Amino acid sequence: MPELPEVEVVRRGLERHVAGRTIRSAEVLHPRAVRRHLPGPDDFAARLAGRTVDVPRRRGKYLWLPLTGPGSASGADADADAGEALLAHLGMSGQLLVGDPGRAPQKHLRVRIVFDDGGHDLRFVDQRTFGHLMLTGLVPDAFAPPPEQAKAAPVPEPIAHIAADPLEDAFDDEAFYRALRRRRTGVKRALLDQSLISGVGNIYADEALWRARLHWARPTETLTRAEVRRLLEAARQVMAAALAVGGTSFDSLYVNVNGESGYFERSLEVYGRRDEPCRRCGSPIRRDAFMNRSSYSCPKCQPRPRRARY
DNA sequence: CGTAGGTCCTGCTTGC
DNA sequence: TGCAAGCAGGACCTAC
């Protein structure tokens, strides 16, 4: 499942293979892939033609390709000043692949973008269709620190509510701590709330909680500064480590978004390790049902709080 | 308003 | 063996 590290690997691949190139045409093979582009698939394709791709950007699990060149926003559009972008979310199974335009279409090919240089094309392949692409305007970044807010890079309008991710300079540790103290929920639910902290999904949430020795149902309003500091440090460490390993396939022509944690899978401490020994204390890892999914934790290192929140 | 739960989607795994 | 239920889960939507 692509979370922050996997999406960053994709972003770097796109920077290498797609940035600076001009789109000749786009083709939508499955309308659901652009369902959030409200003007529809035809508008999506028409507006991409002739645009040039700028350096790809990312926030949390979203990535976008800023677009320059002709055919930009329609006249009086208020967003036109800050520009437009092709916004992508990979969902559960989405992949952005770069390769020979003549290769056979993938089984779950949803969108194909070809470039006017006749080189490698860009394909959005998505089995479970939780991912999507859309064209959107850019707006000022409300999460940028106030001093630099005016000159901070703009963000796609539909994700203006998505918080900064913990690997960004814009992420405010103290503000995150205060937000947690105001919340009345469990710490894992808060970690998965992209309006509080972005980029963390089910896998890295479990990994970060294990490293920080916190139980997933711990009420957020009882967390101490030291615990939140530990949690953020753990999240940053585990995602940086995953990114470092996922980066091994940069040189591959294909933009690697195999998801499934790639090479990092072998480094997971708790996720998917039900009944296997905790690497710290040897206790069998437990699996709890949580939000219609799974939570993995060590019963000894991460004792359940007396008051639990789900 | 904040929080919690349902929903979308396909393919692999599990159980009868 | 075959079929059906279970499972995977990010983010939006709705309900309380």
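Source: prediction; values computed, not measured. Lettering follows sequence order; numbering is per chain, from 1.
Rounded to whole Å, the distance from NZ on Lys107(A) to P on dT10(B) is 11 Å. Between the CE atom of Met92(A) and the P atom of dT7(B) there is a distance of 18 Å, given to the nearest Å. As a whole-Å value, the separation of Asn202(A) CG from dC7(C) P is 14 Å. Across the protein-nucleic acid pair, Glu6(A) atom CD and dA8(C) atom C1' stand 15 Å apart, rounded to whole Å. The interatomic distance linking Met291(A) (CE) with dC7(C) (P) rounds to 17 Å, in whole Å. Across the protein-nucleic acid pair, Leu196(A) atom CG and dA4(B) atom C1' stand 15 Å apart, rounded to whole Å. Taking atom CG of Leu133(A) as the reference point, atom P of dG10(C) lies 19 Å away to the nearest angstrom. Rounded to a whole Å, the CG atom of Asp126(A) is 9 Å from the C1' atom of dC9(B).
Heavy-atom neighbours of Asn292(A) CG from other residues, nucleotides or ligands within 6.0 Å: at or below the threshold of 12.
Considering only the side chain of Phe130(A), dC9(B) comes nearest among dC9(B), dG6(B), dA8(C). Relative to the side chain of Asn292(A), the nucleotides dA8(C), dT10(B), dG6(B) differ in distance, and dG6(B) lies closest.
The closest side-chain heavy-atom distance from Cys278(A) to Lys300(A) is not below 4.5 Å.
Considering Arg213(A), His215(A), Arg286(A) in turn, Arg286(A) is the only one that fulfils the side chain to side chain donor-acceptor pair (under 3.5 Å) rule with Ser297(A).
Ion pair Asp165(A)/Arg58(A) flagged as a salt bridge, since at least one NZ, NE, NH1 or NH2 atom sits closer than 4.0 Å to an Asp/Glu carboxylate oxygen. Under 4.0 Å is where a charged nitrogen must lie from a carboxylate oxygen, and between Arg59(A) and Glu168(A) at least one such pair does. A salt bridge links Glu174(A) to Arg178(A): one of the charged nitrogens lies within less than 4.0 Å of a carboxylate oxygen. Salt-bridge annotation for Glu15(A) and Arg12(A): absent, with no side-chain N of the basic residue lying under 4.0 Å from a carboxylate O of the acidic one.
Not one side-chain nitrogen or oxygen of Ser294(A) sits closer than 4.0 Å to the OP1 or OP2 atom of dC7(C). Residue Ser93(A) places none of its side-chain N or O atoms closer than 4.0 Å to OP1 or OP2 of dC9(B). The shortest distance between the side-chain N/O atoms of Arg184(A) and the OP1/OP2 oxygens of dA4(B) is not below 4.0 Å. Listed pair Arg287(A) / dA8(C) meets the phosphate criterion, a side-chain N or O lying under 4.0 Å from OP1 or OP2. The phosphate of dC9(B) has OP1 or OP2 within less than 4.0 Å of a side-chain N or O from Arg32(A).
Within the cation-pi definition used here (under 6.0 Å to the ring centroid, within 45° of the axis), Arg279(A) does not qualify as a partner of Trp210(A).
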* In dot-bracket notation, what is the pairing pattern of DNA chain C, taking Watson-Crick (N1-N3 plus N6-O4 or O6-N4) and G-U wobble (N1-O2 and O6-N3) contacts under 3.5 Å, with [ ] crossing and | for other strands? -> .|||||||||||||||
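A centroid separation of 6.0 Å or more is found between the aromatic rings of Trp216(A) and Tyr296(A).
Arg128(A) contributes a side-chain N or O that forms a donor-acceptor pair with the base of dA8(C) under 3.5 Å.
The cluster map of Ile, Leu, Val, Met, Phe, Trp and Tyr, joined by side-chain heavy atoms under 4.5 Å apart, puts Leu96(A) and Val98(A) in the same cluster.
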* B/S/- contact track for nucleotides 11-16 of chain C, protein heavy atom under 4.0 Å -> BS----
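Nearest-nucleotide mapping onto DNA chain B: of Thr129(A) and Arg182(A), the residue sitting toward the 5' end is Arg182(A).
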